[in-house]
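Presented below is the structure to which this report refers.
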2 protein chains.
Amino acid sequence: MDPGTTPDYDPQAFPPFAVTVDIVVMTIIEDELRVLLIRRAVPPFRDSWALPGGFVRPDEDLSTAAVRELAEETSINQEPDHLEQFGTYGHPDRDPRMRVVSVGYWAIIPDLPTPKGGSDAAYAELVPVAELEGGRIRLAFDHDRIVTDAIALARSSLENTTIATRFCPPEFTISDLRRVYEAVWDSKLDPGNFQRKVKQTSEFLQPLNQTTRSGDKGGRPAALWVKGPAEKLSPPLSRPDSN
Amino acid sequence: MDPGTTPDYDPQAFPPFAVTVDIVVMTIIEDELRVLLIRRAVPPFRDSWALPGGFVRPDEDLSTAAVRELAEETSINQEPDHLEQFGTYGHPDRDPRMRVVSVGYWAIIPDLPTPKGGSDAAYAELVPVAELEGGRIRLAFDHDRIVTDAIALARSSLENTTIATRFCPPEFTISDLRRVYEAVWDSKLDPGNFQRKVKQTSEFLQPLNQTTRSGDKGGRPAALWVKGPAEKLSPPLSRPDSN
DNA sequence: CCAAAAGTGTTTCCTTTACACCCATGC
DNA sequence: GCATGGGTGTAAAGGAAACACTTTTGG
């Protein structure tokens, strides 16, 4: 609990804790789920990949710190639609220099139709999660575990919430939404069944009555939709193989 | 992230953070879900109800601190079967004295057939959640919110995991398990359908082949079961009304 | 015309739900 | 016998999975 019931311990008498936030930013590019990583410029773990994040300031809420750090360390100029705390990591040895407790947040940046060409993306890069899950990239500190936890939560959130819409631009087609599920879950879904499923889930999607969009190489134009007011999905949209 | 990429900020130059754990211990007594609360002995919020918890020590893991504080502040002499982190609370004003970031854990203590008569339970008491949800009891600090979050997570965990067995003694009947669901969800379930449901979910329960138990006032003796190896429930056990 | 993507129909299967009914005990 | 709670049967309703088929575009 909070100070006051264990007077036998004085926190001021010990080295202080530092509190940080680590942010797992996800997006989908080329039908691949990716996370935003930076290259560390200073030791420890210099030149290693790591999550963006940083110190919480003395008068700052945790989520405020996450938003601020995300803006500071990222060249992405749009605010995330979704920013959610998912876990806190405080093993005594997780940082070799001092005692650091870090609060993990995950965020979604919608897929931009034009992925920004790497200008000075030497510092921040959107890495496919397949690279991480294949063990081909190792992260600094305990960030491997943090990213693993965030991805697991994201996958399960797609089953039970309407959050997949946050990966899409404001107006999107049902196939766009299906490709989000396919990218995050790394599996194929039946287009017909998916269509019915999301349409019959009330408040999930709202029609725009614009039957807009002409395919680039054929195909029937798709209807456009916007996110509806629902946040939870019941019954859930079950993921294949997850039994 | 961790220190090292934002050299413009020196955490040592600011007042330190204190890091605490708060623990929401749940149990079921008289078919009611209850949480363990203590009365604060010192200001602030003196004589208010609050969650057990306390400071994380310099070389201690967060979960270790939760286990230790639970043992220290609680007259309960058995270790919880389940202890899980669910959220971290760090609003700058949540403690009027200093900056405290608190990591919330929730734990389950199995229902004991003989609820311990209140000996010196003036300090720790198992309060029905109905008292809290009815607004009749207010807690110190932001502990109302912390308890609310923990209860919401517990309710949803019963849908998707086998954790309800942790509320039961090692050997239990299917009706015992059903009463756990009914207490946590505060709703009635069909006994027959519940029976089939949990039995056909592979690895949820393992039979003891003891058709033991004789009712106290009639009724057919029930079969005894122990928890199986499964942790996740798929398909989930859906809660009524939750649509 | 053909290819491609959107969207609908249809059948089969499985799960859930409601509720009747049987089983085994105490009194 | 009757009450009580444990446990099974069963039929109707609803959702999911597989897949054929229609619609609307570009070439």
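The shown structure was predicted, so the numbers you read here are calculated from the model rather than taken from an experiment.
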Revision key, fill the gap. All heavy atoms of A:R155 vs all of A:V184, minimum pair found to be NE-O, 2.8 Å
Point to revise | Residues, nucleotides or ligands: over 12 heavy atoms within 6.0 Å of B:R145 CZ | key: no
Check your understanding: Taking atom C1' of D:dG6 as reference, at what distance in whole Å does atom CH2 of B:W225 sit?
Key -> 12 Å
Practice item. For the residue pair B:F141 and B:H143, categorise the inter-ring angle as parallel (less than 30°), tilted (30 to 60°) or perpendicular (more than 60°). Key: tilted
Exercise for review: Please report, rounded to the nearest Å, how far the P atom of D:dA16 is from the CD atom of A:E159.
Suggested key: 12 Å
**Study point:** Partner of B:L37 by side-chain contact (heavy atoms from CB on, under 4.5 Å), out of B:L126, B:V24, B:L51
**Key:** B:L51
**Study point:** Whole angstrom value for the distance that separates P of D:dG5 from NZ of B:K188
**Key:** 11 Å
**Study point:** Distance, rounded to the nearest Å, where B:L208 contributes CG and D:dG6 contributes P
**Key:** 17 Å
Review point. How long is the line joining CZ of A:R239 and C1' of D:dA16, in whole Å?
Key: 17 Å
Check your understanding: To the side chain of A:P221, which of D:dT25, D:dG15, D:dA17 is closest?
Key -> D:dT25
Practice item. Respond yes when some side-chain nitrogen or oxygen of A:S175 is under 4.0 Å from OP1 or OP2 of C:dA6, and no when none is. Key: yes
**Study point:** Separation of D:dG5 P from B:F172 CZ (nearest whole Å)
**Key:** 21 Å
Exercise for review: Determine: side-chain N/O of A:R220 to OP1/OP2 of D:dG26, distance under 4.0 Å, yes or no.
Suggested key: no
Exercise for review: Measure from CD on A:E182 to P on C:dA5 and round the result to the nearest Å.
Suggested key: 12 Å
Check your understanding: Should B:W225 and B:T165 count as side-chain neighbours, where that means a heavy-atom distance under 4.5 Å?
Key -> no
Point to revise | Interface residues of residues 192-203 of chain A with DNA chain C (non-hydrogen, below 4.0 angstrom) | key: A:G192, A:Q195, A:R196, A:K199
Practice item. Tell me what A:T173 touches on the nucleic acid: a base, only sugar-phosphate, or nothing, going by heavy atoms under 4.0 Å. Key: nothing
**Study point:** More than 12 heavy atoms from other groups under 6.0 Å of CZ on A:R166
**Key:** yes
Exercise for review: Return the nearest nucleotide to the side chain of A:D190; candidates are C:dC19, C:dA24, D:dC19.
Suggested key: D:dC19
Practice item. Check the surroundings of atom CG in B:D186: do more than 12 heavy atoms from other residues, nucleotides or ligands lie under 6.0 Å from it? Key: no
